[in-house]
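Along the sequence shown, the residues carry numbers beginning at 1. Given the structure is predicted, the values throughout are model-derived calculations rather than measurements.
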Amino acid sequence: MIIRHRSAVLCIRGTEMLVIELQDPSSKTRFWSLPGGGIEPHESSEDAAVREVLEETGYEVILDTESQLNTRYQFHWDNKDYDCHTTWFLGSPGPSTPLPVDDADFLLGHMWTPVKDFAILFREHSDILNPVKSLLRYRN
């Protein structure tokens, strides 16, 4: 099992949330997720969250650091098993225009989708669904 420390962001703009579509390189399974990824050795979880949203969506994000939530779960990706330690944040898009995205091939794209659809979008991934529920409760 590979240990992976990562950060992710539930970025909300009005009644919409920013999501990314991923495709597992081995199984070719597609699914929706929140922008996020690995924390590099020199980074804080906050810095990683901001960097990952920018890399995956082109959006600058403003984090609500008080919303920080930590989870741990197992995740199978590209024929490997990961022990994920994820720090989740609530965020909002910054004022700048989004930049073009040129990221990994497994990142198929991003979109703004209604927050109210989160349970449908993440129904097969409780490791995403449960933190989203918690962050939305924090928000309200």
Side-chain angles (χ1 to χ4, degrees):
M1 181 99 35
I2 302 164
I3 296 174
R4 186 153 193 249
H5 295 274
R6 55 185 311 281
S7 288
V9 180
L10 173 58
C11 185
I12 295 180
R13 176 182 73 184
T15 60
E16 297 177 312
M17 65 180 169
L18 184 59
V19 296
I20 58 171
E21 186 177 17
L22 301 172
Q23 180 174 317
D24 185 290
S26 297
S27 71
K28 303 302 181 199
T29 302
R30 290 179 169 202
F31 63 96
W32 293 100
S33 186
L34 295 179
I39 300 171
E40 296 183 5
H42 64 281
E43 285 184 309
S44 66
S45 55
E46 292 90 345
D47 290 342
V50 170
R51 176 183 53 77
E52 287 289 344
V53 173
L54 184 61
E55 288 176 359
E56 293 179 346
T57 70
Y59 284 90
E60 291 183 16
V61 67
I62 300 164
L63 299 181
D64 176 349
T65 55
E66 296 293 317
S67 69
Q68 181 176 323
L69 172 69
N70 295 300
T71 64
R72 183 176 177 184
Y73 54 91
Q74 292 183 2
F75 190 74
H76 187 77
W77 175 262
D78 198 17
N79 288 326
K80 298 176 190 83
D81 291 318
Y82 292 89
D83 177 12
C84 291
H85 301 247
T86 301
T87 303
W88 305 84
F89 295 97
L90 198 54
S92 57
S96 63
T97 304
L99 300 171
V101 175
D102 182 22
D103 203 29
D105 290 341
F106 58 77
L107 177 67
L108 302 179
H110 66 277
M111 71 174 182
W112 289 97
T113 190
V115 172
K116 66 179 180 55
D117 294 343
F118 78 92
I120 295 166
L121 208 56
F122 304 129
R123 69 182 170 271
E124 295 179 25
H125 294 279
S126 62
D127 301 321
I128 302 168
L129 178 64
N130 292 331
V132 168
K133 284 181 186 176
S134 294
L135 290 168
L136 289 174
R137 277 194 300 271
Y138 170 84
R139 182 175 176 243
N140 295 329

Side-chain heavy atoms nearer than 4.5 Å, only ILVMFWY residues, links allowed to pass through others: does that put [X] and [Y] together?
| X | Y | answer |
| --- | --- | --- |
| Trp88 | Leu10 | yes |
| Ile12 | Leu63 | no |
| Trp77 | Leu108 | no |
| Val19 | Val115 | yes |
| Val50 | Ile39 | no |

- Message: What verdict does the side chain to side chain contact (heavy atoms under 4.5 Å, CB included) test give for Leu129 and Phe118, after you've listed the backbone C-alpha separation in whole Å, the side-chain angles of each residue and the deciding distance to 0.1 Å?
- Response: CA-CA 7 Å; Leu129 178 64; Phe118 78 92; 3.6 Å; yes

Taking all non-hydrogen atoms of both residues into account, name the closest pair between [X] and [Y] and its distance.
| X | Y | value |
| --- | --- | --- |
| Gln68 | Thr87 | CG-CG2, 3.4 Å |
| Ile20 | Pro35 | CD1-CA, 3.9 Å |
| Ile128 | Pro131 | O-CD, 3.1 Å |
| Arg13 | Pro93 | CB-CG, 3.9 Å |
| Arg51 | Gly38 | NH2-O, 2.8 Å |
| Ser45 | Ser7 | O-OG, 2.8 Å |

To the closest 0.5 Å, what do you measure between [atom1] ([X]) and [atom2] ([Y])?
| X | Y | atom1 | atom2 | answer |
| --- | --- | --- | --- | --- |
| Cys11 | Leu135 | SG | CG | 12.0 Å |
| Glu124 | Thr29 | CD | OG1 | 9.5 Å |
| Asp24 | Arg30 | CG | CZ | 12.5 Å |

- Return each pair, listed once, that meets ring-ring contact (aromatic ring centres under 6.0 Å, His included) where at least one residue sits in residues 19-64; pairs must be two or more places apart or across chains.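 Applying ring-ring contact (aromatic ring centres under 6.0 Å, His included) to every pair that reaches into residues 19-64, excluding sequence neighbours, yields Phe31-His125, Tyr59-Trp112.
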
Counting only heavy atoms not in [X], do more than 12 sit closer than 6.0 Å to its [atom1] atom?
| X | atom1 | answer |
| --- | --- | --- |
| Glu40 | CD | yes |
| Asn70 | CG | yes |
| Glu60 | CD | no |
| Asp105 | CG | no |

- Message: Show, in sequence, the C-alpha distance, side-chain angles and deciding distance for Thr71 and Asp127, and conclude whether the side chain to side chain contact (heavy atoms under 4.5 Å, CB included) test is met.
- Response: CA-CA 8 Å; Thr71 64; Asp127 301 321; over 6 Å; no

- Message: Tell me whether Glu56 contacts the main-chain N or O of Gly36 through its side chain, where contact means a donor paired with an acceptor under 3.5 Å.
- Response: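 Looks like yes, one N/O pair under 3.5 Å.
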
- Sidechain-backbone polar pair: Arg123 side chain, Ile120 backbone, donor-acceptor under 3.5 Å: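 Answer holds: yes.
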
- Message: As a test of understanding, state which of His5, Arg72, Gln74 forms a side-chain hydrogen bond (donor to acceptor under 3.5 Å, both in side chains) with Asp83.
- Response: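 It is Arg72, the one option of His5, Arg72, Gln74 that forms the side-chain hydrogen bond (donor to acceptor under 3.5 Å, both in side chains) with Asp83.
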
Listed by chain and number, what are the ring pair (Phe, Tyr, Trp, His ring centres under 6.0 Å) partners of [X], not counting sequence neighbours?
| X | result |
| --- | --- |
| Phe75 | none |
| Tyr82 | none |
| His76 | none |

- Which ILVMFWY residues can you reach from Leu54 by hopping between side chains whose heavy atoms are under 4.5 Å apart?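 Its cluster partners, ordered by chain and number, are Leu99.
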
Side chain to side chain, [X] and [Y], heavy atoms closer than 4.5 Å:
| X | Y | result |
| --- | --- | --- |
| Phe89 | Val61 | no |
| Met17 | Leu121 | yes |
| Ile3 | His85 | yes |

- Query: Looking at Arg6 and Glu52, does any basic side-chain N land under 4.0 Å from a carboxylate oxygen?
  - Reply: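 Salt bridge flag = no for Glu52 with Arg6.
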
- Query: In a check of side chain to side chain contact (heavy atoms under 4.5 Å, CB included) between Val9 and each of Leu34, Val53, Leu90, which one passes?
  - Reply: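 Of Leu34, Val53, Leu90, side chain to side chain contact (heavy atoms under 4.5 Å, CB included) with Val9 is met by Val53 alone.
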
- Item | Stepwise side chain to side chain contact (heavy atoms under 4.5 Å, CB included) check, Asp64 with Tyr138 | CA-CA 11 Å; Asp64 176 349; Tyr138 170 84; 3.2 Å; yes

- Message: For Asp117, give me all partners under side chain to side chain donor-acceptor pair (under 3.5 Å), at least two apart in sequence or on another chain.
- Response: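 Partners of Asp117 under the side chain to side chain donor-acceptor pair (under 3.5 Å) test: none.
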
